[in-house]
Structure formats: structure tokens, C-alpha cells
Amino acid sequence: MKKYLAILLTLTILVFAAACGPPAVPVESGDETNPSQSGDASQQAVNTDPIKIGCIQDTTGGASIAGKPNEWGVAYAVQWINDNGGINGRMLELHTRDCQNDAEVGVTNYRELVDEVGVVAIIGPPLSNPASAWVDLSEEDQVPIVGHFMDELCTTNPDTGETYPYMFLAEPSCSVQSYILAKYAMEDLGVKSVASLFNVSNAYAVAHERPFMEYVEDHGGSVLAQETFTWTDTDYSAQAQKIASLNPDAVLLCDYANQMVTAYDNLRDAGYTGKILGANTMYPPFNTLVKNQIPYDCYFVQNYDLKDTETGIIADLVATQMADTGTDYPTSNVGFGWDATMVLYSAMLKAQDPTNGPEVRDILENDTKNVMSAGGQYISIDPATHRPTLDLGMYIATYDDSNDIICLVYRTTDYSK
């Protein structure tokens with residue numbers, strides 16, 4: 001892996017150098033007439049102060065199954081960047097906080113990082129509820145935030161369609177992933193009738209469920225039931241029994257791992273034997289947490305092929321994280337943390353001053369192109385949405401008879417409704 005990463009860094013630097021020219025060397029403030037601060041570049045002082053960036057994840061709350069490996073991916077990416085020269089010689093100094101999947105705690109984390117620590121950018125979590133609370137704060141403080149908060153409401157104003165200036169997403173959004181899953185279900189699996197069971201209090205779930213159902217209805221399918229629960233509910237048996245009695249071709253589950261597990265088991269316990277479709281949180285350890293058998297009619301969207309050792313570095317990242325943390329299952333979130341950090345890194349590397357929030361923001365919006373993801377695909381940010389352009393692909397995955405994850409289909413460009 002080290003050899004691969006060294007090659008990747010070399011290619012990255014060459015691409016940026018070709019696009020931007022040699023990086024400028026910052027000059028410390030002082031008397032402009034002082035001979036020591038004028039003339040030859042070799043006489044100019046080089047700023048070697050570390051660049052402070054923040055990382056806010058859920059490492060102890062209800063989404064910690066995703067938050068911990070996401071945090072590891074960020075830390076590993078920062079270590080790699082520093083081991084390979086940092087940002088034009090300046091090291092990244094990472095400060096992490098635990099939002100506990102709580103919007104108020106997330107705001108406290110944000111204020112501490114910005115006001116007390118002095119971070120100039122933040123890597124956000126794959127959590128839409130906490131991230132949505134930073135929209136106004138990030139603009140006021142001019143702090144770029146790059147994360148995996150998939151609800152479009154975290155990056156775009158729903159009333160005006162305008163982007164929130166400092167919020168950026170590093171993976172396909174909820175609606176894009178839902179369209180891919182719905183299209184696959186109808187065209188490849190022959191699904192004609194659907195139901196959903198989801199957490200109406202979870203922005204991530206709501207942002208998945210609505211476009212999925214819209215796609216099904218727009219393409220001649222039937223929505224038989226849309227059953228809901230909230231964060232405080234721990235059993236969804238009544239809702240599951242109603243769905244089972246209607247016997248739809250497929251049921252959509254689109255929550256965080258803990259809620260997905262409960263919903264899946266409640267449905268199977270209620271006697272539902274049809275197809276279950278899932279958001280990308282249905283990846284491991286979901287298959288080890290459910291009590292009912294997995295390997296039949298269970299399909300979900302997936303950002304990476306975790307076993308692909310030829311394309312990208314996701315397989316190496318997963319193996320390294322498992323060995324480093326003693327984790328006994330592979331998880332995509334290590335790639336999420338890596339990708340968000342690399343998107344921020346690419347912008348900082350191009351900036352005259354990587355600590356200048358407005359400058360980095362402008363580069364993130366207008367000049368984030370072909371950043372290599374952990375999965376070996378390219379991330380380019382659409383200035384109109386602050387989300388990846390529609391050529392960033394997704395997989396459809398399932399589990400085989402040995403309860404092992406396999407990727408079936410790779411769908412790249414057709415995200416249309």
C-alpha cells in the first residue's frame with residue numbers, strides 16, 4: 001500500500017503543478033522595505049506553522065458504527081498527507097470531536113473547534129442532522145466543511161436552489177443513491193410494488209425515502225405503505241406486520257445501522273419474505289448484527305467494492321483499519337473519511353494561502369476536479385450543487401450464501417429520474 005500511495009501522491013502533485021504552476025511561498029508580515037523580505041525567493045521567510053483542521057464524527061452515539069471508521073479514515077489520510085510533505089511543507093494538525101449524533105452537541109463541537117482551537121476547515125460526518133446545523137455558522141465564520149452528510153438540504157437551499165457557500169459533499173447524495181436503487185429494483189429485479197419502513201426523525205432516512213418513492217410512482221409502480229418510527233422507538237413490529245400483510249414486492253430500509261437491523265428483523269419476524277432494499281448502511285456489520293438469515297433477496301447501494309484490489313486503495317484501507325483497530329468486519333466508512341480529506345487537501349494544495357477560508361472555498365466550488373477516491377473513481381464537485389458530478393459511480397451489493405458481501409452491478413452515469 002505504501003508504494004501505491006507514494007505513486008498516487010506523485011501523480012497528484014504533478015496534476016496540481018500542471019494546473020496551477022509552482023505553489024507560491026507565503027511571506028511573513030513585516031516591513032516591506034526590509035531587504036531581508038524582498039528580492040530573491042530564497043530570502044523570503046517560509047511559513048511552517050501547522051494548518052489546523054477539525055473532524056466532527058459520531059464515535060459514541062447511535063451512528064458510531066459508521067463514525068468510528070470514518071474518523072479513522074480521516075486520521076489516516078492526514079497522517080499520509082503529513083508523511084508526504086503536508087500542504088507545501090506545512091503539516092496538518094487534526095483536532096477531532098464526538099458529536100454523539102446530536103445536533104446541539106455538534107454545534108458545541110463546531111464552536112469549540114473554530115473559536116478555541118482555531119481550525120480553518122472541518123471534515124464533517126456522514127450525518128445529516130448535525131451537519132444541517134452548521135450551514136449558517138460555516139458561512140459566518142468562512143470555514144469550509146467537507147463531509148458525507150448526504151441530505152441535499154445540507155448543501156442546497158430548498159427554497160432558492162442556491163448552494164450553501166461553505167458546505168460540500170464528497171459522495172453521491174441521498175436522492176442520487178435512491179434513484180439508482182429504485183431503477184435497479186424496477187428494471188433488474190422486476191419490482192412493481194413497494195413499501196417503506198423508516199425513521200421520520202432522521203434527515204438521512206427522509207432524504208432517501210422520498211425520492212425512492214417518487215421514482216417508483218413516476219415509473220408506474222405502486223407504493224403500498226410508508227410506515228414510520230422515531231429515534232425513541234425500539235420496536236417496529238406493528239408497522240412491520242402491516243407491511244407484511246400487504247406483501248409488496250420490496251421494502252425500502254434507509255436508516256443508520258441500528259435502526260436498519262431492528263427494521264429488518266421485525267419484517268422477517270412478521271413473515272415478510274419479499275425483497276428488502278437498503279441504503280448504503282446495509283453494509284457490514286449489518287449482516288452480523290441481524291438475527292434473521294440475510295442471504296436472500298437483500299440488495300443495497302454501495303460506494304465501493306471492498307474486495308477490489310486492482311482499482312483504488314479501498315481494499316488496502318479496509319485491511320489496514322481492521323488490523324489497526326482489531327475490527328473483525330470491513331466497512332466502507334474508512335473510504336468516506338479518506339475521500340473527504342482528499343477533497344479538502346486538493347483544494348488547500350492549490351491555494352495561495354491554505355488557511356484562507358474564502359480562497360479554499362472558491363477552489364472547492366470551482367476547481368475540484370478528478371480527485372482520486374479510495375475506490376479508484378474520480379470526484380469532481382459540481383459548482384451548481386456542491387456535490388459530486390453525476391459520473392461518480394455506485395454499486396448495487398448483496399450478500400452471498402456464506403453471508404459475505406458481493407457487488408453485483410456498477411452503475412455510473414444514468415442517475416436520471
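Heavy-atom basis, side chains included; hydrogens, waters and symmetry copies ignored.
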> What is the distance from atom CG of Asn199 to atom CG of Asp255, rounded to the nearest 0.5 Å?
Replying inline: 5.0 Å

> Taking atom CD of Glu139 and atom CZ of Arg361, what is their separation to the nearest 0.5 Å?
Replying inline: 9.0 Å

> Just by distance, with hydrogens left out, do Asn157 and Glu162 show a side-chain donor and acceptor under 3.5 Å apart?
Replying inline: no

> Does a salt bridge link Asp367 with Lys350, judged by any charged N lying under 4.0 Å from a carboxylate O?
Replying inline: yes

>> Rounded at 0.5 Å granularity, tell me how far OG1 in Thr163 sits from CD in Glu152.
In response: 13.5 Å

> If you look at every heavy atom in Ala225 and Ile243, which pair is closest and at what distance?
Replying inline: CB-CG1, 4.4 Å

> Rounded to the nearest 0.5 Å, what separation is found between the CG atom of Asp297 and the NZ atom of Lys275?
Replying inline: 5.0 Å

>> Can a side-chain donor-acceptor contact be found between Glu209 and Ser196 if the only test is distance below 3.5 angstrom?
In response: yes

> Under the ring-ring contact (aromatic ring centres under 6.0 Å, His included) rule, what pairs show up with a residue in residues 315-336, not counting sequence neighbours?
Replying inline: His148-Phe336, Tyr304-Phe336

>> Contact between Leu94 and Cys55 at the side-chain level, heavy atoms closer than 4.5 Å - yes or no?
In response: yes

> At what distance, to the nearest 0.5 angstrom, does SG of Cys407 lie from CG of Leu306?
Replying inline: 6.5 Å

> Under 3.5 Å, side chain of Asp58 to main-chain N/O of Gly61, donor-acceptor pair present?
Replying inline: yes

> For Thr59 and Glu71, does a side-chain donor sit closer than 3.5 Å to a side-chain acceptor?
Replying inline: no

> Nearest heavy-atom pair of Ser346 and Thr368: which atoms, and what distance?
Replying inline: OG-CG2, 4.4 Å

>> Could you tell me if Tyr110 and Asp141 have a donor-acceptor pair between their side chains, going purely by distance under 3.5 Å?
In response: yes

> Do Leu289 and Ile65 have side chains that get closer than 4.5 Å, going by heavy atoms?
Replying inline: yes

> Are Asp404 and Lys307 ion-paired here, with the side-chain N under 4.0 Å from a carboxylate O?
Replying inline: yes

> Roughly how far, to the nearest 0.5 Å, is CD1 of Ile406 from CD1 of Ile396?
Replying inline: 12.5 Å

>> Using the rule given for side-chain contact (heavy atoms from CB on, under 4.5 Å), can you reason through Tyr378 versus Lys369, listing the C-alpha separation, both sets of side-chain angles and the distance that settles it, and then say yes or no?
In response: CA-CA 8 Å; Tyr378 289 110; Lys369 299 179 177 67; over 6 Å; no

>> Whether the Asn292 and Asp269 side chains hold a donor-acceptor pair (N or O, under 3.5 Å, no angle test) is what I'd like checked.
In response: yes

>> If you compare all heavy atoms of Asp339 against all heavy atoms of Ala374, which two are closest, and at what distance to 0.1 Å?
In response: OD1-N, 2.7 Å

> Given the side-chain rings of Phe212 and His208, with only the six-membered ring counted for Trp, is the space between their centroids under 6.0 Å?
Replying inline: no

> Would you call the rings of Phe168 and His386 parallel, tilted or perpendicular if under 30° counts as parallel and over 60° as perpendicular?
Replying inline: parallel

> Do Glu93 and His95 get their side chains close enough for a donor-acceptor pair, meaning under 3.5 Å?
Replying inline: yes

>> One pair to check against side-chain contact (heavy atoms from CB on, under 4.5 Å): Tyr272 and Gln241. What are the steps and the verdict?
In response: CA-CA 8 Å; Tyr272 179 70; Gln241 289 168 5; over 6 Å; no

> Which pair of non-hydrogen atoms, one from Ala340 and one from Val146, has the smallest distance, and what is that distance?
Replying inline: O-CG1, 3.6 Å

> Who pairs with Tyr164 by ring pair (Phe, Tyr, Trp, His ring centres under 6.0 Å), at least two apart in sequence or on another chain?
Replying inline: none

> Are Trp80 and Met342 close enough that some pair of their side-chain heavy atoms sits under 4.5 Å apart?
Replying inline: yes

> Hey, does the side chain of Asn287 reach the backbone of Ile405 with a donor-acceptor pair shorter than 3.5 angstrom?
Replying inline: no

>> With a sphere of 6.0 Å drawn around CD of Glu104, does it hold more than 12 non-hydrogen atoms of other residues, nucleotides or ligands?
In response: no

>> Would Glu227 and Tyr236 count as a side-chain contact (heavy atoms from CB on, under 4.5 Å) here? Give the steps.
In response: CA-CA 9 Å; Glu227 294 295 310; Tyr236 327 136; over 6 Å; no

> If you look at every heavy atom in Pro172 and Leu392, which pair is closest and at what distance?
Replying inline: CD-CD2, 3.6 Å

> With distance as the sole criterion, is a donor-acceptor pair present between the side chains of Asp235 and Ser237 under 3.5 Å?
Replying inline: yes

> Is there a donor in the side chain of Asp324 and an acceptor in the side chain of Trp72, or the other way round, less than 3.5 Å apart?
Replying inline: yes

> Is there a side-chain contact between Leu364 and Ile381 (heavy atoms, below 4.5 Å)?
Replying inline: no

> In terms of side-chain heavy atoms, does Asn70 have a donor or acceptor partner in Gln57 at a distance below 3.5 Å?
Replying inline: yes

> Are any non-hydrogen side-chain atoms of Arg97 and Val117 less than 4.5 angstrom apart?
Replying inline: yes

>> Under 6.0 Å between ring centres: does that hold for Phe198 and Tyr204?
In response: no

> Any side-chain heavy atom of Ile314 within less than 4.5 Å of one from Val334?
Replying inline: yes

>> For a quick check under 3.5 Å, do Gln352 and Glu359 share a side-chain donor-acceptor pair by atom type?
In response: no

>> Applying side chain to side chain donor-acceptor pair (under 3.5 Å), can you list everything that pairs with Asp308, at least two apart in sequence or on another chain?
In response: Thr311

> What about the rings of Phe286 and Tyr264, do their centers lie closer together than 6.0 Å?
Replying inline: yes

>> Minimum heavy-atom separation for Trp134 and Gly106, please, with both atom names.
In response: NE1-O, 3.3 Å

>> ring pair (Phe, Tyr, Trp, His ring centres under 6.0 Å), that's the test. Do Phe300 and Tyr399 meet it? Break it down for me.
In response: CA-CA 10 Å; Phe300 56 100; Tyr399 292 98; 5.5 Å; yes

> Does the side chain of Thr230 come within less than 4.5 Å of Asp233's, by heavy atoms?
Replying inline: yes

>> What I want to check is whether the side chains of Asp98 and Thr60 have a donor and an acceptor closer together than 3.5 Å.
In response: yes

> Stepwise, does the side-chain contact (heavy atoms from CB on, under 4.5 Å) test hold for Ile276 with Leu267?
Replying inline: CA-CA 9 Å; Ile276 291 185; Leu267 282 166; 4.0 Å; yes

>> When you compare the side chains of Ser175 and Arg210, does any donor N or O come within less than 3.5 Å of an acceptor on the partner?
In response: no

> Is there a side-chain contact between Asn47 and Arg90, using heavy atoms and a 4.5 Å cut-off?
Replying inline: yes

